[in-house]
Amino acid sequence: MSAVDRLRAALVQAAVAVGAPADVAPALERPRDPSHGDWATNLAMTLAKPLGRKPREVADALVGALDLAAAGVAEASVAGPGFLNFRLATGDLAAGLARILEAGEGWGRADAPVGRTVVVEFVSANPTGPLHVGHGRQAALGDAISALLTAQGWDVTREFYYNDAGVQIANLARSVQARLRERAGLPLEIPEGGYHGAYIAEIAERYAAEYPTDARGDELEAVRAVAVRELRKEQDLDLRAFGVRFDVYYLESSLYTDGRVERTVADLVAAGHTFEDDGALFLRTTAFGDDKDRVMRKRDGTFTYFVPDVAYHVTKFERGFTRAVNVQGADHHGTTARVRAGLQALGVGIPAGYPEYVLHQMVTVMRGGEEVKISKRAGSYVTVRDLIDEVGRDAVRYFFLMRKGDSQLVFDVDLARAQSEENPVYYIQMAHARLSGIFRVGEVDPSRVTGDGVVWAALDTPEERELVKALLDWPTLVAGAADALEPHRVANWLLETARLVHTWYHKHHVLGEAPTVLAARLALAKAARITLANGLALLGISAPERM
RNA sequence: GCGCCAGUAGCUCAGUUGGAUAGAGCAACAGCCUUCUAAGCUGUGGGUCGGGGGUUCGAUUCCCUCCUGGCGCGCCA
């Protein structure tokens, strides 16, 4: 049992003794101000009303009834409006580090698998151009969320949905065709809704090399195939540069070829939630929380994009994913209600909140104090590759993950690059490198540092106590971040903890200290190194041994 | 007009799900390198938590209402 659990159990006993119901669940938290102690609870304040007594009075009674030894508490006091503050003996507090040393890479991971699978869909870019900054934010978010869920014991599948059917692909093919005709000496006529980036001309060049007999691109289907293939390859390179891998690439076109789109419409009609109006087929999504009914089949007989969307999510459920998380830009938020409504209308037992959405706000890129909108290669937007090339993968990942998805993000390239020495990500990595340096310089094999025989009470400086507490809180932090699908909590926690490491490192020496202190501090250094490395790994950021 | 998200230090943003004296980075200023990495440490200044109500022991956090900004509201995808 961990130190908190012991304390909680003892508090329940004390609470019941003063008249609280047996199912009382005291909330324990770290006081903001360390001088208040190691743990605090507002239990007395929450009990005051039901017990009909003043908060401070209840607090005094609780302290009186608390078995300090059983709680593992060295000192309990009442403060402020009725907070109970607890201080642990340093030895009891720091002994928790032994668990970190044992767990190693498993520190912060759930002990047991959840036994369920979850599909995390992200990026899902149209294969019509290189990935842009928005995709970058999404890639960082989706990958980190996947890692968080994996750490919590979920069986995670990372999935990329290719919108390779429909108008935009036709426009892509005709855009490449236009470039081919330009090469053949004809006037350049990029079609309405076509693509203007330099990469279109590159694809045309490759097509011409591959099909010398069709230099003008008259075989539109062949042009389309080459364009999609080349852009998928291109996006794959972008993702590889960013260190993101997918388990499944799901093609929208397959939903048409395997009849799923037709079947979904038939199933919805059979479910009785459709109606015809003015020659079009509607789904009554308003019956399931949408704000207006949606057209499924247009008057011209073709389907709206909404139908394959529903069909696709049905496959997720049918493939055994009882949970689905979609990471998308906030500009898609209008579609969430209708997709869920479509799934509900089918009445096949898909949960109401399926899929879950993590929507992120837009990214604006600033350089030289001005918004950057144009990338030469892409023609109209800044690409992921532009950013990685300019500031490096670790920094890009961190910048995208340090903010809540709900916040609009300003990515200041000058800042990320020019301040590369004052960059938060380097600050965290530096803490890891410094800790690694202790073992390297001291010629101590970290694998031989265990908790055995360590006198934990030797870690009794304020800096050490704070660092120990932060490290011990790591699993709770990870669990909370995973639960909320919010990787930025990890990013901010790492920054705070790196600060504690730097402060401790600067103030206290390890090598050359007396044996008892040396052993304890080596154990602390190793525990901190493990925790930082595990945190960086969750965010997909490297943990260098030296910098 | 309706819906979603945001509004916190000069700038960019956190704020542990309602707690104690609201924080970090950058920017500004002043110090610290014969000792495991100075990509570091220490200190100083900087706030009407958009405005106004409400809920309660207690609100940056929850509710209502206004203001401002972003996004979305098609038989486009």
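Each chain gets a letter, A, B and so on, in the order its sequence line appears, and its residues count up from 1.
Here H432(A) pairs with nothing under the ring-ring contact (aromatic ring centres under 6.0 Å, His included) rule; sequence neighbours left out. Remark: Y256(A) pairs with no residue by the ring-ring contact (aromatic ring centres under 6.0 Å, His included) rule, at least two apart or across chains. Taking L472(A) as the reference, R30(A), I100(A), V468(A) meet the side chain to side chain contact (heavy atoms under 4.5 Å, CB included) condition, with sequence neighbours excluded. The side-chain hydrogen bond (donor to acceptor under 3.5 Å, both in side chains) test applied to R299(A) returns no partner, not counting sequence neighbours. Under the rule for a side-chain hydrogen bond (donor to acceptor under 3.5 Å, both in side chains), T335(A) has no partner lying at least two apart in sequence or in another chain. Partners of Y161(A) under the ring-ring contact (aromatic ring centres under 6.0 Å, His included) rule, at least two apart in sequence or in another chain, are Y312(A). In terms of the side-chain hydrogen bond (donor to acceptor under 3.5 Å, both in side chains) criterion, D483(A) has no residue partners (sequence neighbours excluded). Applying the ring-ring contact (aromatic ring centres under 6.0 Å, His included) rule to F282(A) yields the partners F275(A); only residues at least two apart in sequence or on another chain are considered.
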Protein proximity profile, nucleotides 68-77 of chain B - base contact B, sugar-phosphate-only contact S, no contact -, cut-off 4.0 Å on heavy atoms: -BSBSSSBSB

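Taking the C1' atoms as reference points, U21(B) lies 15 Å from G15(B), given to the whole Å. Atom name C1', nucleotides G74(B) and C2(B): the rounded distance is 16 Å, in whole Å. Rounded to the nearest Å, the gap between the P atom of A38(B) and that of G18(B) is 42 Å. Going from the P atom of U8(B) to that of U60(B) covers 15 Å, rounded to whole Å. Here the separation of C63(B) from G19(B), taken at their P atoms, is 15 Å to the nearest Å. Atom C1' of A39(B) sits at a distance of 26 Å from the matching atom of G46(B), rounded to the whole Å. Remark: the separation of the P atoms in G7(B) and G40(B) is 29 Å, to the nearest Å. Annotation: U17(B) and A59(B) have their C1' atoms spaced 13 Å apart (nearest Å).
At a threshold of 4.0 angstrom between heavy atoms, the contacts of H508(A) include nucleobase atoms, whether or not backbone atoms are also involved.
A stem is defined here as three or more consecutive Watson-Crick or G-U pairs, each with both distances under 3.5 Å; for RNA chain B these stems are B:1-7 with B:67-73, B:10-13 with B:23-26, B:28-32 with B:40-44, B:50-54 with B:62-66.
The 12-atom threshold is not exceeded at CZ of R546(A), counting heavy atoms of other residues, nucleotides or ligands nearer than 6.0 Å.
Here C5(B) is the nucleotide among U17(B), A38(B), C5(B) with the atom lying nearest to any side-chain atom of D406(A). Considering only side-chain atoms of R489(A), the nucleotide from U37(B), U17(B), A14(B) that sits closest is U17(B).
Counting only distance, with no hydrogens or angles, the side chain of K526(A) and the backbone of V449(A) share a donor-acceptor pair below 3.5 Å.
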Atom pairs, protein N/O to nucleotides 56-64 of chain B N/O, distance under 3.5 Å:
none

Could you go through nucleotides 41-47 of chain B and list every protein N or O atom that sits under 3.5 Å from one of its N or O atoms, giving the distance for each pair?
residue : atom : partner : partner atom : Å
C41(B)  : OP1  : Y427(A) : OH           : 2.4
C41(B)  : O2'  : H506(A) : ND1          : 2.8
U42(B)  : OP1  : T503(A) : OG1          : 3.4

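Atom-to-atom, OH of Y426(A) to P of A38(B) comes out at 19 Å; the value is rounded to the nearest Å.
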